[in-house]
Amino acid sequence: KAGVTQTPRYLIKTRGQQVTLSCSPISGHRSVSWYQQTPGQGLQFLFEYFSETQRNKGNFPGRFSGRQFSNSRSEMNVSTLELGDSALYLCASSLGGAGKNIQYFGAGTRLSVL
Amino acid sequence: TQLLEQSPQFLSIQEGENLTVYCNSSSVFSSLQWYRQEPGEGPVLLVTVVTGGEVKKLKRLTFQFGDARKDSSLHITAAQPGDTGLYLCAGALNDMRFGAGTRLTVKP
(Lines give C-alpha, C1' and ligand atoms only; values in the text may rest on other atoms or scores of the structure.)
Protein backbone atom coordinates (compact mmCIF):
# COMPACT_ATOMS: atom_id res chain seq x y z
CA LYS A 1 0.00 0.00 0.00
CA ALA A 2 1.45 3.36 -1.02
CA GLY A 3 2.05 5.87 1.76
CA VAL A 4 1.14 9.54 1.89
CA THR A 5 2.65 11.40 -1.04
CA GLN A 6 3.40 15.11 -0.98
CA THR A 7 4.48 17.15 -3.95
CA PRO A 8 6.63 18.98 -4.57
CA ARG A 9 9.31 18.10 -2.00
CA TYR A 10 11.00 21.49 -2.23
CA LEU A 11 9.84 24.93 -3.28
CA ILE A 12 11.48 28.32 -3.42
CA LYS A 13 9.24 31.35 -3.73
CA THR A 14 9.55 35.09 -3.19
CA ARG A 15 7.53 37.32 -0.94
CA GLY A 16 4.10 38.17 -2.29
CA GLN A 17 3.78 35.09 -4.46
CA GLN A 18 1.33 32.31 -3.84
CA VAL A 19 1.95 28.57 -3.64
CA THR A 20 -0.08 25.37 -3.89
CA LEU A 21 1.01 22.15 -2.21
CA SER A 22 -0.47 18.75 -2.95
CA CYS A 23 -1.12 15.69 -0.79
CA SER A 24 -2.28 12.24 -1.86
CA PRO A 25 -3.45 10.22 1.16
CA ILE A 26 -3.22 6.51 1.73
CA SER A 27 -5.87 4.70 -0.30
CA GLY A 28 -9.09 4.47 1.70
CA HIS A 29 -8.22 7.29 4.08
CA ARG A 30 -10.81 10.05 4.09
CA SER A 31 -9.20 12.49 6.50
CA VAL A 32 -6.32 14.74 5.53
CA SER A 33 -4.69 17.13 7.98
CA TRP A 34 -2.08 19.78 7.28
CA TYR A 35 0.64 20.97 9.64
CA GLN A 36 3.34 23.61 9.56
CA GLN A 37 6.64 22.67 11.19
CA THR A 38 9.26 25.27 12.10
CA PRO A 39 12.23 25.01 14.47
CA GLY A 40 10.78 27.63 16.79
CA GLN A 41 7.12 26.60 16.93
CA GLY A 42 7.24 22.88 16.26
CA LEU A 43 4.28 21.22 14.55
CA GLN A 44 1.30 23.55 14.28
CA PHE A 45 -2.09 22.32 13.10
CA LEU A 46 -3.42 24.17 10.03
CA PHE A 47 -6.66 22.39 9.12
CA GLU A 48 -8.31 19.04 8.59
CA TYR A 49 -10.50 17.92 5.72
CA PHE A 50 -12.85 14.96 5.79
CA SER A 51 -15.00 13.97 2.82
CA GLU A 52 -14.29 17.27 1.05
CA THR A 53 -15.35 19.38 4.06
CA GLN A 54 -13.10 21.36 6.35
CA ARG A 55 -13.75 19.90 9.78
CA ASN A 56 -11.22 21.69 11.98
CA LYS A 57 -9.08 24.76 11.58
CA GLY A 58 -6.04 25.94 13.47
CA ASN A 59 -5.04 29.47 14.34
CA PHE A 60 -3.58 30.61 11.02
CA PRO A 61 -4.49 33.68 8.93
CA GLY A 62 -6.87 33.48 5.99
CA ARG A 63 -3.92 33.45 3.58
CA PHE A 64 -3.73 29.73 4.35
CA SER A 65 -6.49 27.75 2.70
CA GLY A 66 -7.11 24.25 1.53
CA ARG A 67 -9.50 21.93 -0.18
CA GLN A 68 -10.13 18.26 -0.63
CA PHE A 69 -11.30 16.50 -3.75
CA SER A 70 -13.70 13.59 -4.12
CA ASN A 71 -10.77 11.15 -4.33
CA SER A 72 -9.55 12.48 -0.93
CA ARG A 73 -6.51 14.17 -2.44
CA SER A 74 -5.94 17.55 -0.85
CA GLU A 75 -4.29 20.81 -1.76
CA MET A 76 -3.10 23.61 0.45
CA ASN A 77 -2.69 27.16 -0.81
CA VAL A 78 -0.78 30.04 0.73
CA SER A 79 -1.32 33.46 -0.82
CA THR A 80 0.78 36.60 -0.45
CA LEU A 81 3.75 34.70 0.94
CA GLU A 82 5.73 36.16 3.83
CA LEU A 83 9.26 35.33 4.96
CA GLY A 84 7.80 33.71 8.08
CA ASP A 85 5.94 31.17 5.96
CA SER A 86 9.21 29.36 5.33
CA ALA A 87 8.66 25.95 6.90
CA LEU A 88 8.18 22.25 6.36
CA TYR A 89 4.53 21.61 5.49
CA LEU A 90 3.36 18.16 6.44
CA CYS A 91 0.25 16.33 5.41
CA ALA A 92 -1.17 13.41 7.35
CA SER A 93 -3.98 11.05 6.46
CA SER A 94 -6.16 8.86 8.62
CA LEU A 95 -9.23 6.68 8.26
CA GLY A 96 -11.46 8.93 10.32
CA GLY A 97 -10.93 12.01 12.42
CA ALA A 98 -7.43 13.24 13.18
CA GLY A 99 -8.18 13.22 16.89
CA LYS A 100 -9.43 9.66 16.94
CA ASN A 101 -7.36 7.74 14.48
CA ILE A 102 -3.72 7.01 13.76
CA GLN A 103 -2.25 9.57 11.40
CA TYR A 104 0.28 8.69 8.74
CA PHE A 105 2.54 11.49 7.59
CA GLY A 106 4.06 12.30 4.26
CA ALA A 107 7.68 13.42 3.91
CA GLY A 108 6.60 17.04 3.63
CA THR A 109 7.13 19.97 1.33
CA ARG A 110 9.93 22.30 2.36
CA LEU A 111 8.98 25.85 1.41
CA SER A 112 11.56 28.61 1.38
CA VAL A 113 10.33 32.18 0.95
CA LEU A 114 13.02 34.66 -0.11
CA THR B 1 2.89 28.51 25.07
CA GLN B 2 2.69 24.91 23.84
CA LEU B 3 -0.25 22.82 25.00
CA LEU B 4 2.20 19.95 25.37
CA GLU B 5 5.57 20.74 26.91
CA GLN B 6 8.41 18.38 26.11
CA SER B 7 11.68 18.16 27.99
CA PRO B 8 14.50 18.21 27.51
CA GLN B 9 14.54 20.10 24.24
CA PHE B 10 17.93 18.67 23.26
CA LEU B 11 19.72 15.56 24.48
CA SER B 12 23.11 14.27 23.40
CA ILE B 13 24.32 10.99 24.87
CA GLN B 14 26.78 8.17 24.24
CA GLU B 15 25.75 4.82 22.83
CA GLY B 16 24.68 2.45 25.59
CA GLU B 17 23.33 5.09 27.95
CA ASN B 18 19.74 5.22 29.17
CA LEU B 19 17.50 8.27 28.84
CA THR B 20 14.01 9.53 29.61
CA VAL B 21 12.09 12.28 27.85
CA TYR B 22 8.93 13.85 29.17
CA CYS B 23 5.71 15.23 27.78
CA ASN B 24 3.55 17.30 30.14
CA SER B 25 0.29 19.19 29.86
CA SER B 26 -2.42 20.70 32.01
CA SER B 27 -5.03 19.21 29.66
CA VAL B 28 -6.51 15.73 29.78
CA PHE B 29 -6.19 13.73 26.58
CA SER B 30 -8.23 10.79 25.35
CA SER B 31 -5.02 9.35 23.95
CA LEU B 32 -1.43 10.32 23.53
CA GLN B 33 0.96 9.35 20.79
CA TRP B 34 4.72 9.32 20.38
CA TYR B 35 6.36 9.86 17.01
CA ARG B 36 9.95 9.84 15.79
CA GLN B 37 10.99 12.08 12.93
CA GLU B 38 14.24 11.76 11.03
CA PRO B 39 15.73 14.51 8.86
CA GLY B 40 13.95 14.92 5.55
CA GLU B 41 11.05 12.71 6.61
CA GLY B 42 7.66 13.07 8.22
CA PRO B 43 6.96 11.82 11.76
CA VAL B 44 6.46 8.08 12.14
CA LEU B 45 4.14 6.77 14.85
CA LEU B 46 5.86 4.72 17.58
CA VAL B 47 3.02 4.08 20.01
CA THR B 48 -0.43 5.19 21.16
CA VAL B 49 -1.39 5.10 24.84
CA VAL B 50 -5.03 5.44 25.83
CA THR B 51 -5.46 4.28 29.43
CA GLY B 52 -4.23 6.26 32.46
CA GLY B 53 -1.25 4.46 34.01
CA GLU B 54 -0.66 2.40 30.89
CA VAL B 55 2.85 1.16 30.16
CA LYS B 56 3.83 -0.06 26.71
CA LYS B 57 7.12 -1.55 25.63
CA LEU B 58 8.56 -1.52 22.15
CA LYS B 59 11.90 -3.36 22.26
CA ARG B 60 14.21 -0.95 24.15
CA LEU B 61 11.57 1.81 24.34
CA THR B 62 9.16 2.04 27.28
CA PHE B 63 6.22 4.45 27.15
CA GLN B 64 4.12 5.44 30.14
CA PHE B 65 0.86 7.40 30.26
CA GLY B 66 0.21 9.31 33.48
CA ASP B 67 -2.66 8.24 35.73
CA ALA B 68 -4.50 11.49 35.04
CA ARG B 69 -3.86 11.24 31.27
CA LYS B 70 -2.09 14.61 31.26
CA ASP B 71 1.50 13.49 30.83
CA SER B 72 3.68 10.79 29.39
CA SER B 73 7.27 9.64 29.36
CA LEU B 74 9.49 7.74 26.96
CA HIS B 75 12.42 5.76 28.34
CA ILE B 76 15.10 4.32 26.06
CA THR B 77 17.41 1.65 27.41
CA ALA B 78 20.92 1.21 25.99
CA ALA B 79 20.49 3.88 23.32
CA GLN B 80 21.94 3.25 19.88
CA PRO B 81 22.93 5.69 17.10
CA GLY B 82 19.86 4.52 15.17
CA ASP B 83 17.69 6.06 17.90
CA THR B 84 18.85 9.53 16.83
CA GLY B 85 15.96 11.73 15.80
CA LEU B 86 13.26 14.16 16.89
CA TYR B 87 10.80 12.60 19.34
CA LEU B 88 7.37 14.19 19.35
CA CYS B 89 4.43 13.61 21.62
CA ALA B 90 0.93 14.40 20.43
CA GLY B 91 -2.36 14.53 22.28
CA ALA B 92 -5.79 13.94 20.80
CA LEU B 93 -8.38 16.67 21.33
CA ASN B 94 -10.62 17.61 18.41
CA ASP B 95 -7.43 17.54 16.43
CA MET B 96 -3.91 16.41 17.22
CA ARG B 97 -1.75 18.79 19.23
CA PHE B 98 2.00 18.28 19.13
CA GLY B 99 4.77 19.15 21.51
CA ALA B 100 7.86 20.94 20.17
CA GLY B 101 9.87 17.75 20.43
CA THR B 102 13.06 16.40 21.99
CA ARG B 103 15.99 16.23 19.61
CA LEU B 104 18.05 13.18 20.57
CA THR B 105 21.57 12.52 19.34
CA VAL B 106 23.23 9.21 20.21
CA LYS B 107 26.96 9.21 19.57
CA PRO B 108 28.75 5.95 18.74
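Lettering follows sequence order; numbering is per chain, from 1.
Expressed to the nearest 0.5 Å, how far CE of B:Met96 lies from CZ of A:Phe45 amounts to 11.0 Å.
A 6.0 Å sphere centred on CG of A:Asn59 holds no more than 12 heavy atoms belonging to other residues, nucleotides or ligands. The environment of CD in B:Gln9 is sparse: at most 12 heavy-atom neighbours from other residues, nucleotides or ligands sit within 6.0 Å. Surrounding NZ of A:Lys57 are more than 12 heavy atoms belonging to other residues, nucleotides or ligands, all under 6.0 Å away. More than 12 heavy atoms of other shown residues, nucleotides or ligands fall within 6.0 angstrom of atom CG in B:Leu58.
Only the side chain of A:Leu90 comes within contact range of chain B, with at least one heavy atom under 4.5 Å from a heavy atom of that chain. Heavy-atom distances place the side chain of B:Tyr35, and not its backbone, under 4.5 Å from chain A. Using a 4.5 Å cut-off between heavy atoms, A:Gln44 contacts chain B through its side chain alone, with no backbone atom that close.
Under the 4.5 Å side-chain heavy-atom criterion for Ile, Leu, Val, Met, Phe, Trp and Tyr, B:Tyr22 and B:Leu74 are members of distinct hydrophobic clusters. Both B:Leu104 and B:Val21 are part of a single hydrophobic cluster, where members link through side-chain heavy atoms under 4.5 Å apart. Both A:Phe60 and A:Trp34 belong to a common hydrophobic cluster when Ile, Leu, Val, Met, Phe, Trp and Tyr are linked at side-chain heavy-atom distances under 4.5 angstrom. In terms of hydrophobic clustering, with Ile, Leu, Val, Met, Phe, Trp and Tyr side chains grouped at heavy-atom distances under 4.5 Å, A:Leu11 and A:Leu88 are assigned to different clusters.
Between A:Gln37 and B:Gln37, the side chains place a donor N or O and an acceptor N or O closer than 3.5 Å (distance only, hydrogens not considered).
Between chain A and the options B:Pro43, B:Ala90, B:Gly42, heavy-atom pairs under 4.5 Å are most frequent for B:Pro43.
The interface of residues 104-114 of chain A with chain B, defined by heavy-atom distances below 4.5 Å, comprises A:Phe105, A:Gly106, A:Ala107.
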Donor-acceptor pairs are to be reported for all side-chain atoms of residues 14-25 of chain A against protein atoms at under 3.5 Å, with residues two or more places apart or in another chain.
from	atom 1	to	atom 2	distance (Å)
A:Thr14	OG1	A:Gln17	OE1	3.2
A:Gln17	OE1	A:Thr14	N	2.8
A:Thr20	OG1	A:Asn77	ND2	3.0
A:Ser22	OG	A:Arg73	NH1	2.9

